[in-house]
Amino acid sequence: MLKIWILDSGMGWHYALLDIKSHFPQYEYETYLDHANAPYGNKTGEEIYRLTEVWCQTLWSKWCTLILIACNTICAETMRKLQDKHTDKKILGCIIPSVEVAVEISQGKIGLIGTNFTVNSGKYEREITKISDTHMLFPLATPELAGYVEKGIAMHRYTLEYLDIRIAELLEKNIDTLILACTHYTVYYEYLSVKYPPIKIVDSARTQTIKLGEYLGKHTELFT
Ligand code: DGL
């Protein structure tokens with residue numbers, strides 16, 4: 001049986017798992033989350049790498065076929081290092097899936113909200129540039145948001161006001177697409193889709209599910 005581990009810093013795992021499991025109920029899932037150290041978005045690259053490496057060592061010592069890193073913050077810097085170090089393991093991230101979907105559906109101006117670390121890493125810009133020379137990215141850090149979701153006040157009036165103010169900044173840039181570059185923000189997918197209907201919302205939990213399906217279709221050896 002294919003066993004997939006989903007890693008995230010905190011509540012984001014919940015949304016990632018819900019989406020993936022609803023599409024692929026036939027596989028076995030485990031989740032690994034680091035509530036104690038969340039949020040990761042305000043840490044340094046070294047701290048994030050050290051924490052993630054400990055998780056991965058733990059998971060490899062158990063029976064695990066595939067690790068899905070659902071956390072954009074981890075993927076922004078650490079994933080490539082992990083893949084280079086553990087070349088015999090299957091580790092999939094969540095940034096490239098969102099970039100591919102956003103470039104496919106956007107007319108040209110893509111907004112992004114994410115943690116400090118994800119935004120400052122420039123990873124999304126670099127990946128977009130690799131596949132398009134016409135799309136522009138407008139990234140905006142929303143460093144408090146993941147913490148609000150962790151505290152259970154994601155839909156509190158003041159939290160939504162904070163979110164709306166940040167979205168207004170991006171709307172001034174005439175974006176047509178918005179990437180939710182943090183799995184914690186999946187909780188806002190419906191809210192934003194209903195409130196800002198012309199804007200196409202790209203949610204990293206959902207795009208990771210789409211790309212996982214494509215990946216599994218090509219890697220049938222994982223089932224043997
Ligand atoms: N859910 C994580 C992400 O996708 C970040 C939350 C955190 O700051 O720990 O980036």
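This one's a predicted model, so the numbers in the text were calculated from it and none came from an experiment. We number each residue from 1, following the sequence as shown. Order of appearance sets the numbers: ligands from 1, and atoms from 1 within every ligand.
- Within a 6.0 Å radius of CZ in Arg126, other residues, nucleotides and ligands contribute more than 12 heavy atoms.
- Inspection of the Asn72 and Tyr124 side chains reveals an N or O donor paired with an N or O acceptor under 3.5 Å.
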When you pair each N or O of ligand 1 with protein N or O atoms, which pairs come out under 3.5 Å?
{"residue": "ligand 1", "atom": "1 (N)", "partner": "Asp8", "partner atom": "OD1", "Å": "3.2"}
{"residue": "ligand 1", "atom": "1 (N)", "partner": "Thr183", "partner atom": "OG1", "Å": "2.9"}
{"residue": "ligand 1", "atom": "1 (N)", "partner": "His184", "partner atom": "ND1", "Å": "2.7"}
{"residue": "ligand 1", "atom": "4 (O)", "partner": "Asn72", "partner atom": "N", "Å": "2.8"}
{"residue": "ligand 1", "atom": "4 (O)", "partner": "Asn72", "partner atom": "ND2", "Å": "3.2"}
{"residue": "ligand 1", "atom": "4 (O)", "partner": "Thr183", "partner atom": "N", "Å": "2.9"}
{"residue": "ligand 1", "atom": "4 (O)", "partner": "Thr183", "partner atom": "OG1", "Å": "3.2"}
{"residue": "ligand 1", "atom": "8 (O)", "partner": "Tyr40", "partner atom": "N", "Å": "3.1"}
{"residue": "ligand 1", "atom": "8 (O)", "partner": "Gly41", "partner atom": "N", "Å": "2.8"}
{"residue": "ligand 1", "atom": "9 (O)", "partner": "Ser9", "partner atom": "OG", "Å": "2.6"}
{"residue": "ligand 1", "atom": "9 (O)", "partner": "Tyr40", "partner atom": "N", "Å": "2.5"}
{"residue": "ligand 1", "atom": "10 (O)", "partner": "Asn72", "partner atom": "N", "Å": "3.4"}
{"residue": "ligand 1", "atom": "10 (O)", "partner": "Thr73", "partner atom": "N", "Å": "3.0"}
{"residue": "ligand 1", "atom": "10 (O)", "partner": "Thr73", "partner atom": "OG1", "Å": "2.6"}

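- Without hydrogens or angle criteria, Lys211 side chain to Glu100 main chain gives no donor-acceptor distance under 3.5 Å.
- Taking the six-membered ring where tryptophan is involved, the planes of His219 and Tyr215 are essentially parallel, since the angle between them stays under 30° and well short of 60°.
- Under the 4.5 Å side-chain criterion, counting only non-hydrogen atoms from C-beta, Tyr188 is not in contact with Ile201.
- For Lys89, the side chain to side chain donor-acceptor pair (under 3.5 Å) test picks out no residue, with sequence neighbours left out.
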